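For reference, the structure is listed below as structure tokens.
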Amino acid sequence: MRSAIIILILLPVLLWQTGCMKDVNPSDALTTETITGSPEGLKNAVNGAYSLLKDHVEFNGTQDDNNMYLRQYFQLSDFASDDIVCGQTTEDPLFYSFSLGHSPTQTNVRYFWYISYKIINDANTVIEAVEKQGNPDPTTQQMLGECYFLRAFSHFNLVKLFAMPYTQNPGAPGVILRTSTSDPAQKARSTVGEVYAQIIADARKGADLMSQSRGPQYASREAAWALLSRAYLYEGNNDSTTYFASQVISSGRFSLTTAATYPDLFANATAGSETIFCVAFTPVDDYGKFGSIASMIYSNGNSGWGEEFASASLRDTMSANPEDVRWKYIVPLKDGGGVLQQKNGIDIYYISKFSGQGGSPTLSSPILFRLAEMYLNRAEASAKAGKTAAALDDLDIIRGNRGLSGALYHQQLPAGKTALDVVLKERRLELAFEGHRSFDVYRNKRAMNRTYWGYHLPGLKQSDINPAVNPSGYAGMVIQPDNPKIIYYIPIDEIETNKLCVQNP
């Protein structure tokens with residue numbers, strides 16, 4: 001897909017910038033003629049939009065290896081959770097997610113906002129060009145549906161990161177909805193509820209249009225259903241969550257990996273039996289230490305930075321079941337004598353979910369939707385609807401495929417636990433490091449407990465660390481769901497150029 005035309009359209013919201021910020025200029029222009037001139041032109045246009053998920057696109061006058069949609073997405077999502085710990089302080093913008101010390105000028109947030117709206121603008125350009133044609137054939141309808149999916153997916157990730165959860169206040173400021181290439185640069189933020197309504201409408205339309213399969217690296221009807229299941233879950237609509245999750249499950253296109261095959265799923269994502277939608281990276285896209293997702297959280301000695309690890313909180317949650325095959329993606333670093341290594345007093349447990357494709361420590365094709373999530377979405381909806389037995393049955397299907405056949409629930413809740421408690425625990429175990437944890441906690445109006453040793457603790461010194469006791473006396477160890485710091489500031493680029501856009505508190 002790297003060989004496809006890379007579509008770089010200047011967003012209306014970035015018409016000019018002030019101060020030290022440079023203009024962001026396009027290197028290509030996507031036109032109606034290039035889209036409608038031939039089937040190949042249409043395919044290249046759509047493939048170019050997908051490429052923006054993984055390419056290092058020039059921003060603010062430079063091309064930075066750190067700037068990549070997926071790299072930023074996992075930073076902004078997972079580094080703010082309790083699943084990943086930082087082994088040092090750093091001036092890299094990713095540290096703001098650990099410390100919650102956000103800024104409207106931090107580069108990773110600015111780039112993510114910019115590239116998200118570039119994807120949306122590309123999708124809009126294709127949608128408008130194709131919808132001017134009469135009676136598109138099934139292949140053209142498929143491409144059109146994929147663009148509706150990409151627009152829905154991009155708006156969804158924006159509203160998750162830059163707006164408070166729907167379940168807290170659907171009337172709160174959301175993000176700027178851009179559904180036309182003629183949208184004015186000066187445009188206010190829609191409400192969270194309005195953004196969700198557009199996401200759902202786009203995903204539904206995409207599902208209706210798509211009837212072909214181009215492989216899991218492209219959107220499909222089932223991918224749109226998976227997105228709908230997730231969006232409705234975040235909205236709190238249990239019936240629709242269950243319906244669309246069940247549509248994917250019963251489609252017959254996917255099957256859960258087993259205890260034997262799960263450890264190879266993420267290194268072989270495009271061929272994985274669970275993969276609904278992934279972003280395909282090839283050896284040409286192996287960015288190595290400088291720019292890959294894996295280099296942030298894994299190292300074989302020289303392939304990564306060796307700064308971020310699986311947290312003690314997550315490992316403690318998993319500790320009851322050492323036979324759980326999900327441990328395979330948590331890799332302790334030990335010396336020749338078997339002694340666990342540390343960085344600045346923090347135990348080193350690398351994360352390998354984004355490694356191993358073709359044997360490379362820095363290459364994978366990140367999975368954005370997979371079958372296990374559909375079971376978990378349905379289980380959560382069932383738990384909230386009072387259908388405890390159904391929720392536990394879905395959890396047992398997953399646990400039975402993760403080496404836990406001796407630790408099933410058999411429709412019985414553990415003492416002192418609610419159905420939602422056990423569902424959220426299973427979501428944490430199954431979906432760790434895949435960008436879900438923070439949203440799972442806060443949309444359920446729960447607090448996130450970050451009371452474990454790590455450099456997210458303000459002012460921590462290595463000499464302060466005592467593994468025998470939990471830390472105490474540090475600010476921000478327990479993050480409440482209504483804390484404004486659970487979301488990011490709207491980037492300064494938007495605020496300075498769009499006077500109708502209000503900033504987050």
Side-chain angles (χ1 to χ4, degrees), residues 66 71 74-75 78-95 97-99 262-264 266-267 286-357 359-364 428-429 432-434 437 449-472 474 477:
N66 289 314
R71 184 178 168 95
F74 291 112
Q75 278 182 19
D78 279 327
F79 289 8
S81 78
D82 51 358
D83 284 349
I84 298 180
V85 66
C86 195
Q88 65 180 39
T89 59
T90 174
E91 294 181 355
D92 191 299
L94 62 83
F95 188 69
S97 293
F98 288 107
S99 67
Y262 177 79
D264 297 321
F266 295 91
D286 192 343
Y287 299 126
K289 183 175 182 178
F290 300 96
S292 69
I293 300 167
S295 67
M296 300 188 292
I297 54 177
Y298 179 80
S299 180
N300 66 356
N302 57 20
S303 66
W305 298 103
E307 298 173 348
E308 284 80 44
F309 322 118
S311 71
S313 172
L314 175 62
R315 290 183 281 110
D316 288 346
T317 302
M318 297 180 67
S319 62
N321 297 107
E323 74 277 20
D324 192 331
V325 296
R326 292 173 288 205
W327 277 106
K328 297 289 186 180
Y329 292 102
I330 298 177
V331 184
L333 179 65
K334 297 181 179 181
D335 65 13
V339 177
L340 181 67
Q341 300 297 286
Q342 294 184 330
K343 185 177 185 69
N344 300 320
I346 306 301
D347 291 340
I348 297 176
Y349 284 86
Y350 286 129
I351 299 159
S352 63
K353 269 192 175 179
F354 299 93
S355 302
Q357 183 175 317
S360 170
T362 51
L363 186 61
S364 72
R428 187 180 188 187
L429 300 180
F433 322 124
E434 296 177 49
R437 175 61 179 169
N449 189 346
R450 303 175 90 200
T451 307
Y452 48 85
W453 295 110
Y455 288 84
H456 61 287
L457 301 175
L460 179 68
K461 303 182 185 66
Q462 183 173 347
S463 57
D464 297 333
I465 297 174
N466 179 1
V469 299
N470 287 327
S472 62
Y474 295 92
M477 291 192 296

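Just so it is clear, the model here is predicted, and its values are computed rather than measured.
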Distance-minimising heavy-atom pair for Gly306 and Phe309: O-CZ, 3.5 Å

Sub-4.5 Å side-chain heavy-atom contact between Phe354 and Phe74: yes

Separation of Glu308 CD from Ile84 CD1 (nearest 0.5 Å): 7.5 Å

Trace of the ring pair (Phe, Tyr, Trp, His ring centres under 6.0 Å) decision for Trp305 with Tyr298: CA-CA 8 Å; Trp305 298 103; Tyr298 179 80; over 10 Å; no

Flag side-chain contact, heavy atom, 4.5 Å: Ile465 against Ser463: no

Ser311 side, atom OG; Asp78 side, atom CG - distance, nearest 0.5 Å: 10.5 Å

Side chains of Tyr474 and Asp464 in contact at under 4.5 Å (non-hydrogen atoms): yes

From Tyr452 atom OH to Ile346 atom CD1, the distance as rounded to the nearest 0.5 Å: 10.0 Å

Spacing of Leu429 atom CG and Arg326 atom CZ [to the nearest 0.5 Å]: 5.0 Å

Criterion side chain to side chain donor-acceptor pair (under 3.5 Å) on Asn470 and Thr451, from CA distance to verdict: CA-CA 7 Å; Asn470 287 327; Thr451 307; over 6 Å; no

Flag, side chain of Arg437 to backbone of Asp82, donor-acceptor distance under 3.5 Å: no

Atom of Ser355, atom of Ala294 and distance for their closest heavy-atom approach: OG-CB, 3.5 Å

Spatial distance of atom CE (Met296) from atom SG (Cys86) [nearest 0.5 Å]: 11.5 Å

Donor-acceptor pairs under 3.5 angstrom involving side-chain atoms of residues 329-337: please list them, not counting sequence neighbours.
residue: Tyr329; atom: OH; partner: Tyr262; partner atom: O; Å: 2.7
residue: Tyr329; atom: OH; partner: Pro263; partner atom: O; Å: 2.8
residue: Asp335; atom: OD1; partner: Gly337; partner atom: N; Å: 2.9
residue: Asp335; atom: OD1; partner: Gly338; partner atom: N; Å: 3.1
residue: Asp335; atom: OD1; partner: Val339; partner atom: N; Å: 2.9

Asp324 side chain to Asn321 backbone, donor-acceptor under 3.5 Å: no

Residues Thr90 and Asp92: side-chain donor-acceptor under 3.5 angstrom: no

Heavy-atom donor-acceptor pair, His456 side chain to Arg450 backbone, under 3.5 Å: yes

Donor-acceptor under 3.5 Å (Ser303 side chain, Lys289 main chain): no

Closest non-hydrogen atom pair between Ala432 and Leu314, with its separation: CB-CD2, 4.0 Å

Student check: side-chain heavy atoms of Thr89 and Tyr455 closer than 4.5 Å: yes

Donor-acceptor contact present, side-chain Ser360 to main-chain Gly356, <3.5 Å: no

Audit row: Phe433, Ile293, side-chain contact (heavy atoms from CB on, under 4.5 Å) steps and yes/no: CA-CA 11 Å; Phe433 322 124; Ile293 300 167; over 6 Å; no

Trp327 side, atom CH2; Ser319 side, atom OG - distance, nearest 0.5 Å: 6.5 Å

Contact list for residues 338-353, test salt bridge (charged side-chain N to carboxylate O under 4.0 Å, His left out), sequence neighbours left out: Lys353-Glu434

Ser295 side chain vs Gly304 backbone, donor-acceptor pair below 3.5 Å: no

Arg428 and Asp83 ion-paired at < 4.0 Å: yes

Flag, side chain of Trp453 to backbone of Asn466, donor-acceptor distance under 3.5 Å: yes

